[in-house]
Colleague: 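Can you keep this structure in mind? I'll have questions shortly.
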Amino acid sequence: MKHLPLFFDLSGRKVVVVGEGPAADRRAALARSAGAAVRQLGDIRAADLRGAAAVFIATGDLDHDTVAQRVAKLLGVPVNVADRPALCDFILPAIVDRDDVVVAISTGGAAPTLAATLRGRIEAVLPERIGSLAKLAATFRTQVNTLIADPARRRAFWRRLVEGPAARLAMAGDDAAARRAALGELDDARRRLAPVGIAHIVGAGPGDPDLLTLKAAQLLREADAILHDDLVPSAVLARARRDAEFLAVGKRKGLARWTQDEINAELVRRVRAGQMVVRLKAGDPFVFGRGGEEVEALRAAGLPVAIVPGVTAALGCAASAGIPLTHRRLASAVTFVSGHSAPENEAVNREATWPALAAQGHTLAIYMGASEAASVRDRLLEAGAHPAMPVAIVENGTQPEERVSTGRLSDLTRLAASHARGDAGPSLIIVGEVAALAAVAQPPLAKVS
Ligand code: SAH
């Protein structure tokens with residue numbers, strides 16, 4: 001982050017605008033809309049700046065801009081120079097203004113057009129009257145804070161207020177009815193004795209935060225506590241409520257921290273205490289995620305639990321690497337399989353299953369396989385797979401550090417070695433003729449005879 005976004009209270013403060021063109025006028029108008037006492041000048045003298053909270057310079061002329069900027073600097077008044085980011089103490093974001101609700105977008109001066117495009121998108125999704133909703137909330141703030149002491153219940157009240165009937169009335173323009181509805185909700189909230197918690201077992205997808213489902217993103221914004229795996233990258237966690245409680249409960253191989261039983265117990269404890277808990281798991285919670293065990297534990301304790309699916313690694317990696325998992329000519333089936341030979345995976349590693357998996361026309365997406373590449377290769381070859389069968393390895397699929405390599409089954413161990421180093425990210429092995437279609441396959445791998 002290049003600049004810290006702050007919202008500056010300018011009401012009644014002196015703001016100086018230097019310049020006379022449209023850019024200067026726009027800045028003067030903006031400062032006035034925030035209640036500033038604006039003085040717009042063609043030229044600058046030190047005396048004009050005395051007591052100013054900020055100065056905007058937009059003379060359109062480099063020399064004039066520079067001189068004015070120096071004067072402001074000398075007097076220590078924060079300065080913004082239109083279109084000259086290098087001369088700025090602060091920059092002007094793209095703004096969506098809905099009364100009390102203001103969204104500011106900045107690209108750090110790098111791409112104002114991108115900021116303007118984003119503003120357009122945000123304007124399209126923000127209801128016109130969202131400002132009235134903020135006003136409604138403001139009139140209740142003190143009451144709510146004194147009447148509802150418990151933070152989790154207070155948050156639940158605000159959530160209902162900004163999403164429920166009162167919000168809809170406010171946005172429809174009926175402020176009086178909105179106030180009545182909000183008062184009713186406040187009464188309900190005071191009467192309700194124990195808060196009711198819930199756990200959501202949520203798929204975080206393969207790492208690209210834009211691959212979160214809308215539901216996952218919404219729950220992350222509302223959660224009281226987030227229990228997440230190590231595999232969930234910080235870019236995804238950044239979409240969550242800042243003041244949620246974050247617990248990394250990952251169980252990296254060989255680096256056991258939380259046992260499954262401890263995680264289950266923690267979920268139960270927090271939901272009982274009334275929290276809205278998000279259990280955030282890489283990919284999909286029900287694909288090699290042990291989500292099933294957490295659901296069982298919560299149900300056994302009689303607590304509410306809901307499951308939100310996610311884009312599993314096989315789908316994310318395949319899409320990102322350009323590998324179709326099925327293909328009209330090359331593969332009519334795909335199997336998600338664990339390459340890890342830990343006892344808990346016995347069910348999928350039973351010898352009998354491998355011949356079926358090794359058949360032609362069948363794609364394998366192998367999870368947790370990079371460190372077990374030799375055994376994966378041997379089992380497939382023994383089961384009759386062709387040594388020249390194309391394979392691809394996708395490390396950190398869908399993430400900025402994504403790395404894809406392609407080769408042949410006979411060569412899988414060598415290929416996997418670089419993806420199984422200590423600092424390597426998670427990687428997925430794809431075996432099957434479709435692997436030759438990976439966008440990075442160079443030179444293109446020929447079809448297996
Ligand atoms: N529930 C998860 C899988 C957890 S098992 C899901 O549905 O995706 C952990 C394995 O998932 C890793 O060993 C790796 O094989 C795979 N994996 C998870 N995220 C990945 C990613 N971004 N790129 C490649 N493989 C990934």
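The figures that follow rest on heavy atoms only: side chains count, while hydrogens, waters and symmetry mates do not.
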Colleague: Any salt bridge linking Glu294 with Arg279? Criterion: basic side-chain nitrogen under 4.0 Å from a carboxylate oxygen.
Modeller: yes
Colleague: Is Glu296 paired with Arg299 through a side-chain N to carboxylate O contact shorter than 4.0 Å?
Modeller: no
Colleague: Do you know which two heavy atoms are closest between Ile429 and Ala370, and how far apart they sit?
Modeller: CD1-N, 4.0 Å
Colleague: Count the heavy atoms belonging to other residues, nucleotides or ligands that lie under 6.0 Å from CZ of Arg421, then report whether that count exceeds 12.
Modeller: yes
Colleague: First locate atom CG of Leu6, then atom CZ of Phe90, and finally report the distance between them rounded to the nearest 0.5 Å.
Modeller: 11.5 Å
Colleague: Just checking, is any N or O donor in the side chain of Thr117 or Arg121 under 3.5 Å from an acceptor N or O on the other one?
Modeller: no
Colleague: Output the distance between atom CG (Leu118) and atom OG (Ser106), rounded to the nearest 0.5 Å.
Modeller: 10.5 Å
Colleague: Any luck finding a side-chain donor-acceptor pair between Gln69 and Asp65 under 3.5 Å?
Modeller: no
Colleague: Taking 4.0 angstrom as the limit, do Asp411 and Arg408 come out as a salt bridge?
Modeller: no
Colleague: Can a donor-acceptor pair be found between the side chains of His419 and Ser405 at a distance below 3.5 Å?
Modeller: yes
Colleague: Going through the checks in order, is the salt bridge (charged side-chain N to carboxylate O under 4.0 Å, His left out) test met by Asp99 and Arg129?
Modeller: CA-CA 9 Å; Asp99 296 327; Arg129 303 184 56 96; over 6 Å; no
Colleague: Starting at CD1 of Ile105, measure out to CG of Leu114 and round the result to the nearest 0.5 Å.
Modeller: 9.0 Å
Colleague: Go through the side-chain N and O atoms of Arg377 and Ser410 and say whether any donor and acceptor fall under 3.5 Å apart.
Modeller: no
Colleague: Atom CG of Leu30 and atom CZ of Arg27: how far apart are they, to the nearest 0.5 Å?
Modeller: 8.0 Å
Colleague: Is Arg379 paired with Glu382 through a side-chain N to carboxylate O contact shorter than 4.0 Å?
Modeller: no
Colleague: To the nearest 0.5 Å, what is the distance between OG1 on Thr363 and CG on Leu325?
Modeller: 6.0 Å
Colleague: Should Arg241 and Asp243 count as an ion pair when the cut-off is N to O under 4.0 Å?
Modeller: yes
Colleague: So, Glu245 and Arg270, do they make that salt bridge, N to O below 4.0 Å?
Modeller: yes
Colleague: How many angstroms lie between CG in Asp284 and CG in Leu315, if you round to the nearest 0.5 Å?
Modeller: 9.0 Å
Colleague: Is the count of non-hydrogen atoms from other residues, nucleotides or ligands lying under 6.0 Å from Leu214 atom CG greater than 12?
Modeller: no
Colleague: Does atom NZ (Lys215) have a neighbourhood of more than 12 heavy atoms from anything else shown, all under 6.0 Å?
Modeller: no
Colleague: Can you tell me if Asp83 has over 12 outside heavy atoms packed within less than 6.0 Å of its CG?
Modeller: no
Colleague: Could you check whether Arg290 pairs with Asp229 (Lys NZ or Arg NE/NH1/NH2 to Asp/Glu carboxylate O, under 4.0 Å)?
Modeller: no
